[in-house]
Amino acid sequence: MNIIEITDINSPELDIYARLTEAQLRNRLEPEKGIFIAESPKVIRRALAAGYTPVSMLMERKHIDGQAKDIIEHCGDIPVYTADREVLAGLTGYTLTRGILCAMKRPALPAVRELCENAKRIAVLEGVVDTTNIGAIFRSAAALNIDAVLLTPTCCDPLNRRAVRVSMGTVFQIPWTHIDNLPTGGLGQLNGLGFKTAAMALSDNSVSIDHPALTQEKKLAIVLGTEGDGLAHDTIQGCDYTVKIPMAHGVDSLNVAAASAVAFWELRVK
């Protein structure tokens, strides 16, 4: 084990945990050098099981021979920085969930065609920017057997630390990648791959989510929009179906994460 006691919280080796923003960790100019942070033992184990490469770890001293022991052994001789809980909170600016962080390399993302080749049900997210919603959508996608998730360029990063934590690490289990802006190319690409597209939107010409034609589609892309405004008008117009979840008691809509869970369950392959 390469255990390193933290004696100086300003050490450059700790920048990824303390002083780099999410955007700097992502390193858009050189994606192959990008890093993300996984938090908590369960999440880190899921990332390792999915083949993600660890760079270093940061943890409370008590976890070295405790709940992180198997993780450290799995990771070989990468640096494991350690200190007491108070020192780590002062370094990172927040109390560590279960006391363990792991910096990991970002993977190269697959092409849309490669990701969707054998898929039957996929989720397509347009402009979903809240990290909690992204994490919750990925968790529902994993639980309800969605084959892949596609995100437009305006979506939040699924490997954001909070999104990863909310997803409980399922972001590592569900294949995902980015897709072009939907009205100007993304929808056409999906149609070319054999998918019918279902825009989740409350409009006058919507069909109910339990419409039998939807579950009969062999390949269906469930398209969900940004918090508040929902899907862009051009996106709705370009989809094959406009689908609504009927509301009661005067409720106008569901949160996008809640709506995704309902849609994934109801539109699954039956």
Side-chain angles (χ1 to χ4, degrees), residues 50 109-160 163-164 166-183 185-202 206 209-211 214-215 217-227 229-232 235-236 238-245 253-270:
L109 294 178
V112 172
R113 175 175 292 277
E114 175 188 348
L115 198 69
C116 296
E117 186 175 8
N118 297 313
K120 294 181 179 179
R121 293 292 184 268
I122 63 173
V124 183
L125 310 183
E126 180 182 69
V128 179
V129 297
D130 184 85
T131 54
T132 299
N133 283 335
I134 287 287
I137 291 169
F138 267 88
R139 190 172 181 180
S140 293
L144 300 172
N145 209 27
I146 294 297
D147 297 313
V149 178
L150 306 180
L151 305 99
T152 64
T154 53
C155 282
C156 162
D157 175 24
L159 295 182
N160 172 283
V164 170
V166 171
S167 82
M168 294 298 292
T170 55
V171 68
F172 308 125
Q173 298 174 314
I174 296 295
W176 64 274
T177 196
H178 296 292
I179 190 169
D180 292 338
N181 183 44
L182 296 180
L187 292 176
Q189 186 175 15
L190 291 172
N191 288 150
L193 293 171
F195 284 91
K196 293 293 186 179
T197 50
M200 299 300 301
L202 291 169
S206 297
I209 195 168
D210 59 359
H211 194 288
L214 295 168
T215 53
E217 294 290 357
K218 291 183 178 180
K219 303 185 74 170
L220 187 67
I222 302 164
V223 187
L224 297 137
T226 185
E227 301 83 355
D229 293 335
L231 291 169
T235 297
I236 297 173
C239 284
D240 299 294
Y241 297 97
T242 305
V243 181
K244 65 181 176 183
I245 301 169
S253 64
L254 293 176
N255 164 274
V256 65
S260 74
V262 175
F264 296 162
W265 170 255
E266 185 63 36
L267 300 177
R268 69 195 186 280
V269 177
K270 298 177 182 178

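Because the structure is predicted, anything quoted here is derived from the model rather than measured.
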Would you say the side chain of [Y] lies within less than 4.5 Å of the side chain of [X], judging by non-hydrogen atoms?
X: Glu217; Y: Tyr241; answer: yes
X: Leu125; Y: Ile134; answer: yes
X: Ile245; Y: Met200; answer: yes
X: Arg268; Y: Leu144; answer: no
X: Thr152; Y: Ile179; answer: yes

To the closest 0.5 Å, what do you measure between [atom1] ([X]) and [atom2] ([Y])?
X: Leu224; Y: Ser260; atom1: CG; atom2: OG; result: 6.0 Å
X: Leu220; Y: Leu214; atom1: CG; atom2: CG; result: 6.5 Å
X: Leu267; Y: Arg121; atom1: CG; atom2: CZ; result: 7.0 Å
X: Asp130; Y: Ile137; atom1: CG; atom2: CD1; result: 9.0 Å
X: Asn181; Y: Thr154; atom1: CG; atom2: OG1; result: 7.5 Å
X: Ile122; Y: Leu193; atom1: CD1; atom2: CG; result: 8.0 Å

Exercise for review: For Lys120, look at atom NZ and say whether over 12 heavy atoms of other residues, nucleotides or ligands are found less than 6.0 Å away.
Suggested key: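 It does not: Lys120 NZ has 12 such atoms or fewer within range.
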Point to revise | Enclosure of Lys270 NZ (heavy-atom neighbours >12, cutoff 6.0 Å) | key: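 Result for NZ/Lys270: enclosed.
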Provide the closest heavy-atom pair for [X] versus [Y] in the form atom of the first, atom of the second, distance.
X: Val164; Y: Pro158; value: CG2-O, 3.5 Å
X: Cys239; Y: Thr197; value: CA-OG1, 3.2 Å
X: Asp240; Y: Lys196; value: OD2-CA, 3.3 Å
X: Pro183; Y: Thr235; value: CG-OG1, 3.3 Å
X: Ile146; Y: Ile174; value: O-CD1, 3.6 Å
X: Gly225; Y: Val256; value: O-CG2, 3.5 Å

Extract all donor-acceptor atom pairs below 3.5 Å that involve side chains of residues 109-117 and protein atoms in other chains or at least two apart in sequence.
none

Review point. Between Glu227 and Val128, does a side chain to side chain contact (heavy atoms under 4.5 Å, CB included) hold up when you go through it step by step?
Key: CA-CA 6 Å; Glu227 301 83 355; Val128 179; 3.2 Å; yes
Check your understanding: Would Val124 and Ile222 satisfy side chain to side chain contact (heavy atoms under 4.5 Å, CB included), going step by step from the backbone distance to the final call?
Key -> CA-CA 6 Å; Val124 183; Ile222 302 164; over 6 Å; no
**Study point:** Residue pair Ile209, Trp265: steps toward the side chain to side chain contact (heavy atoms under 4.5 Å, CB included) verdict
**Key:** CA-CA 10 Å; Ile209 195 168; Trp265 170 255; over 6 Å; no
Practice item. Go through the steps to decide whether Phe172 and Leu159 satisfy the test side chain to side chain contact (heavy atoms under 4.5 Å, CB included), and finish with yes or no. Key: CA-CA 9 Å; Phe172 308 125; Leu159 295 182; 3.9 Å; yes
Practice item. Say whether, by atom type as modelled, one donor and one acceptor occur between the side chain of Ser206 and the main chain of Ala201 under 3.5 angstrom. Key: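 Answer holds: yes.
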Review point. Got a donor-acceptor contact below 3.5 angstrom from the Glu126 side chain to the Val223 backbone?
Key: no
Point to revise | Worked check of side chain to side chain donor-acceptor pair (under 3.5 Å) between Asp180 and Gln189 | key: CA-CA 9 Å; Asp180 292 338; Gln189 186 175 15; over 6 Å; no
